[in-house]
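Have a look at the structure below, then the notes.
Numbers for residues simply follow the sequence, beginning at 1. The basis for the numbers below is simple: all heavy atoms, side chains too, and nothing from hydrogens, waters or symmetry mates. All ligand and atom numbering here is 1-based and tracks the order in the structure.
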Amino acid sequence: MAHKILVLNGPNLNLLGTREPEVYGTDTLDDIVGDLRKLAEGQGIELRDYQSNSEGALIDALHEARGWAAGVVFNPGAFTHTSVALRDAISATELPVVETHLSNVHAREEFRHHSYISAVCVGVVAGFGRESYRLAFDALISHLQ
Ligand code: CA2
C-alpha cells in the first residue's frame, strides 16, 4: 500500500549540526531527512518534509497534512513542552503522529520531562539521535500496515 508521510520539524532544528554538537550531534537536518528519503524510496512511499520555527506554521502544516498524508513523524522541538495548540492540532487531524526526539528528554532538565503532545500521538521515540527518526519512521509504517 502506497503511503504519503510528512516529516515535520519544529524550532531551532534547522541549526542541527552547526551548534551544540555535544547534545544534538553533528548531523544536519538534511542528513536526517535524507536517511528517511532513502527508506521511503525503497518502499515506494512519498515523503514530504517541512521545518519551521513558528508554532502557527507547524499547526498549518498539520492541518494541510490532513488532506494528503497517512501519518506524521514529528519533532516539535521545545514546543513539545509548551504547546496546547499543537496538541489540539494533532487531535484535530486524527492522523497517526509519532513524537520524535533526538535527545532523551527524560534524562535532561525537568521542564523537558513533560510533553503536551505524547497523549495524542501513537507513540514516542527519544534518545537515539539520528536513529530516533528512522525508528519513528519504521514504527509509523508498521502502524499503518
Ligand atoms: O531532543 C530533541 O529532539 C528536542 O526536541 C530538541 C529541542 C528541545 O527543546 C527538546 O526538549 C528536545 C531543541 C532543538 C534545538 O536544536 C538545536 C540544534 C542545534 C543547536 C541548538 C539547538
Distance filter under 4.0 Å to His81 heavy atoms, resulting ligand 1 atoms: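 Going through ligand 1 atom by atom, the ones under 4.0 Å from His81 are 10 (C), 11 (O).
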
message: Could you tell me, atom by atom, which parts of ligand 1 come under 4.0 Å of a heavy atom of Ser103?
response: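 Within the 4.0 Å cut-off of Ser103, ligand 1 contributes 1 (O), 2 (C), 12 (C).
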
query: atom 4 (C) of ligand 1: which of Arg112, Arg108, His101, Glu20 has the nearest heavy atom?
result: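 Closest candidate by heavy-atom distance is His101.
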
Option of least heavy-atom distance to atom 7 (C) of ligand 1 (set: Ser115, Gly77, Gly127):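 The nearest heavy atom belongs to Gly77.
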
- prompt: What part of Val23 sits under 4.0 Å from ligand 1 if we count only heavy atoms: the side chain, the backbone, both or neither?
  reply: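 Looking at Val23 and ligand 1, no heavy atom falls under 4.0 Å.
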
- prompt: Does Asn75 approach ligand 1 within less than 4.0 angstrom via side chain, backbone, both or neither, non-hydrogen atoms only?
  reply: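 Only the side chain of Asn75 comes within reach of ligand 1.
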
So, does [X] use its side chain to make a donor-acceptor pair with the main chain of [Y] at under 3.5 Å?
| X | Y | answer |
| --- | --- | --- |
| His113 | His106 | yes |
| Arg37 | Leu47 | yes |
| Thr80 | Gly77 | yes |

- request: Could you establish whether Thr80 and ligand 1 come within less than 4.0 Å of each other, counting only heavy atoms on the residue side?
  value: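 Thr80: no contact with ligand 1 (<4.0 Å).
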
Nearest protein heavy atom with distance in Å, relative to [atom]:
| atom | value |
| --- | --- |
| atom 22 (C) of ligand 1 | Tyr24 CE1, 3.9 Å |
| atom 16 (O) of ligand 1 | Asn12 O, 3.5 Å |
| atom 2 (C) of ligand 1 | Leu102 N, 3.4 Å |
| atom 19 (C) of ligand 1 | Arg19 O, 3.4 Å |

field: Set of salt bridge (charged side-chain N to carboxylate O under 4.0 Å, His left out) partners for Arg108, sequence neighbours left out
entry: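 Scan of Arg108 (salt bridge (charged side-chain N to carboxylate O under 4.0 Å, His left out), adjacent residues dropped) gives none.
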
- prompt: Quick one: CG on Leu58 to CG on Leu86, what's the gap to the nearest 0.5 Å?
  reply: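 Output value for this atom pair is 6.0 Å.
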
task: State whether the shortest distance between N or O atoms of Val105 and N or O atoms of ligand 1 falls below 3.5 angstrom.
output: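 No - when backbone and side-chain N and O of Val105 are compared with those of ligand 1, no distance drops under 3.5 Å.
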
task: Consider every N or O of Thr100 and every N or O of ligand 1, then say whether any pair is closer than 3.5 Å.
output: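 No, no N or O pair falls under 3.5 Å.
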
query: With distance as the sole criterion, is a donor-acceptor pair present between the side chains of Asn12 and Tyr24 under 3.5 Å?
result: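 No, because no side-chain N or O of Asn12 sits under 3.5 Å from a partner of the opposite role on Tyr24.
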
task: Determine whether the side chains of Asp88 and Ser91 contain a donor N or O and an acceptor N or O closer than 3.5 Å.
output: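 There is no such pair (donor and acceptor under 3.5 Å, judged by atom type) between the side chains of Asp88 and Ser91.
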
field: side chain to side chain contact (heavy atoms under 4.5 Å, CB included) partner of Phe137, chosen from Val98, Ile45, Thr100
entry: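 Only one of Val98, Ile45, Thr100 forms a side chain to side chain contact (heavy atoms under 4.5 Å, CB included) with Phe137, namely Ile45.
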
message: One thing to verify: whether Lys38 and Glu41 come together as a salt bridge, which I'm taking to mean a side-chain N less than 4.0 angstrom from a carboxylate O.
response: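 No, no charged N to carboxylate O under 4.0 Å.
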
